[in-house]
Amino acid sequence: QVQLVESGGGLVQPGDSLRLSCTLSGRTFSNYNMGWFRQAPGKEREFVSGITFTGANTYYADSVKGRFTVSRDNPKNTVYLQMNSLKPEDTAVYYCAAAEKIQQILRSGAPNYWGRGTQVTVSS
């Protein structure tokens with residue numbers, strides 16, 4: 001069974017940076033498109049970023065474009081989300097996702113596997 005484990009969340013002030021990591025085990029990492037979602041209190045889970053098998057293509061929600069960068073290191077079975085210029089509106093639980101097809105991340109929000117989530121809190 002595929003396991004996804006996120007790390008790197010925490011409490012920061014507006015303008016600070018964080019880097020989230022997500023490590024996959026149980027299957028071949030490079031066979032999966034990866035993505036990040038987030039869910040803030042009182043809101044639905046929303047798409048944040050996606051990245052294809054080798055990292056050749058990346059995708060971002062308008063709300064984070066220019067501030068967040070997604071990348072992957074396939075030999076380490078790890079995908080990253082570098083978050084800069086953080087805002088209070090970025091406060092949420094961030095979830096890692098793995099999908100056989102990128103459209104599962106970009107369109108349907110139904111990846112094959114979800115991580116457990118990591119809390120990011122940006123204080124004001």
Side-chain angles (χ1 to χ4, degrees):
Q1 188 175 42
V2 169
Q3 303 286 329
L4 296 173
V5 180
E6 303 96 333
S7 63
L11 173 64
V12 298
Q13 295 184 343
D16 285 353
S17 297
L18 281 174
R19 188 176 75 162
L20 305 183
S21 299
C22 172
T23 299
L24 179 149
S25 63
R27 293 290 189 275
T28 302
F29 178 71
S30 60
N31 287 349
Y32 292 95
N33 304 278
M34 302 297 295
W36 292 94
F37 293 78
R38 67 186 182 186
Q39 187 167 24
K43 295 185 177 181
E44 296 184 352
R45 188 173 298 187
E46 65 174 340
F47 164 78
V48 175
S49 185
I51 187 167
T52 51
F53 302 116
T54 64
N57 300 100
T58 57
Y59 308 87
Y60 301 93
D62 289 341
S63 59
V64 306
K65 197 168 187 177
R67 299 187 298 120
F68 291 10
T69 302
V70 65
S71 62
R72 65 192 296 164
D73 187 341
N74 286 355
K76 295 183 178 179
N77 296 344
T78 300
V79 62
Y80 304 95
L81 185 67
Q82 178 68 46
M83 305 185 294
N84 298 329
S85 302
L86 282 163
K87 304 175 180 179
E89 304 92 273
D90 297 317
T91 296
V93 176
Y94 283 71
Y95 297 91
C96 178
E100 296 177 357
K101 297 182 178 180
I102 190 63
Q103 294 302 322
Q104 294 173 253
I105 293 171
L106 303 183
R107 294 190 62 191
S108 67
N112 293 97
Y113 304 100
W114 289 104
R116 299 171 183 175
T118 186
Q119 177 71 48
V120 173
T121 302
V122 185
S123 65
S124 60

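The analysis underlying the following values was restricted to heavy atoms, covering all of them including side chains, and did not include hydrogens, waters or symmetry mates. Just so we're clear, the structure is a prediction, and the values are computed from it rather than from any experiment.
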Checklist outcome for this item: Tightest non-hydrogen contact, residues Gly115 and Tyr95, listed as O-CD2, 3.7 Å
Item to check | Hydrophobic cluster membership, Val93 vs Tyr113, 4.5 Å side-chain cutoff | outcome: no
Next on the checklist: Membership question, hydrophobic clusters at under 4.5 Å side-chain separation (ILVMFWY): are Tyr80 and Leu18 in the same one?
Outcome noted: no
Next on the checklist: Check for me, please, whether Val122 and Leu81 land in the same ILVMFWY cluster - side-chain distances under 4.5 Å, paths through other members count.
Outcome noted: yes
Checklist entry - Is Arg107 close to Ile102 at the side-chain level, that is, under 4.5 Å between some pair of heavy atoms? => result no
Next on the checklist: Determine whether a donor-acceptor pair (N or O, by modelled atom type, separation under 3.5 Å) exists between the side chain of Asn74 and the backbone of Phe53.
Outcome noted: yes
Checklist entry - Going by the angle between their ring planes, with limits at 30° and 60°, are Phe68 and Tyr94 parallel, tilted or perpendicular? => result tilted
Checklist entry - Within a strict 4.5 Å, meaning less than it, do heavy atoms of the Met83 and Asp90 side chains meet? => result no
Next on the checklist: Do Arg27 and Tyr32 form a cation-pi contact, if we require the NZ or CZ to be under 6.0 Å from the six-membered ring centre and within 45 degrees of the ring's axis?
Outcome noted: no
Checklist entry - Do Val70 and Phe29 sit in the same hydrophobic cluster, where Ile, Leu, Val, Met, Phe, Trp and Tyr count as joined when their side-chain heavy atoms come under 4.5 Å apart? => result yes
Checklist entry - Does one hydrophobic cluster hold both Val64 and Leu20, with members joined at side-chain heavy-atom distances below 4.5 Å? => result yes
Next on the checklist: Can a donor-acceptor pair be found, under 3.5 Å and without considering hydrogens, that links the side chain of Arg72 to the backbone of Thr52?
Outcome noted: yes
Checklist entry - So do the side chains of Ile105 and Trp36 get within less than 4.5 Å of each other, counting heavy atoms only? => result no
Next on the checklist: For a quick check under 3.5 Å, do Thr23 and Thr78 share a side-chain donor-acceptor pair by atom type?
Outcome noted: yes
Item to check | Side chain Arg67, main chain Ser85, donor-acceptor under 3.5 Å | outcome: yes
Next on the checklist: Treating Asn112 as the side-chain partner and Glu100 as the backbone partner, does any N or O pair qualify as donor plus acceptor under 3.5 Å?
Outcome noted: yes
Checklist entry - Okay, side chain of Gln104, backbone of Ser108: is any donor-acceptor separation there less than 3.5 Å? => result no
Checklist entry - How far does CE of Met34 sit from SG of Cys22, to the nearest 0.5 angstrom? => result 4.5 Å
Next on the checklist: Between Arg19 and Gly8 (side chain of the first, backbone of the second, donor and acceptor by atom type, cut-off under 3.5 Å), is there such a pair?
Outcome noted: no
Next on the checklist: Would you say that Leu24 contacts Val2 through its side chain, given a criterion of any heavy-atom pair below 4.5 Å between the two side chains?
Outcome noted: yes
Checklist entry - With a 4.5 Å limit on heavy-atom distance, are the side chains of Ile51 and Tyr59 in contact? => result no
Item to check | Test item: side-chain donor near acceptor, Ser17 and Asn84, under 3.5 Å | outcome: yes
Item to check | Ring-face cation of Arg45 near Phe37 (centre distance under 6.0 Å, axis angle within 45°) | outcome: no
Next on the checklist: Measuring only between side-chain heavy atoms, which start at C-beta, is Pro14 closer than 4.5 Å to Ser123?
Outcome noted: yes
Next on the checklist: What's the separation between atom CD in Gln119 and atom CD in Gln39, rounded to the nearest 0.5 Å?
Outcome noted: 11.0 Å
Checklist entry - Considering only heavy atoms from C-beta outward, does the side chain of Ser21 approach that of Lys76 to under 4.5 Å? => result no
Checklist entry - Do NZ/NE/NH1/NH2 and the carboxylate oxygens of Arg116 and Glu6 come within less than 4.0 Å? => result no
Checklist entry - Between Ser49 and Tyr60, is any pair of side-chain heavy atoms under 4.5 Å apart? => result yes
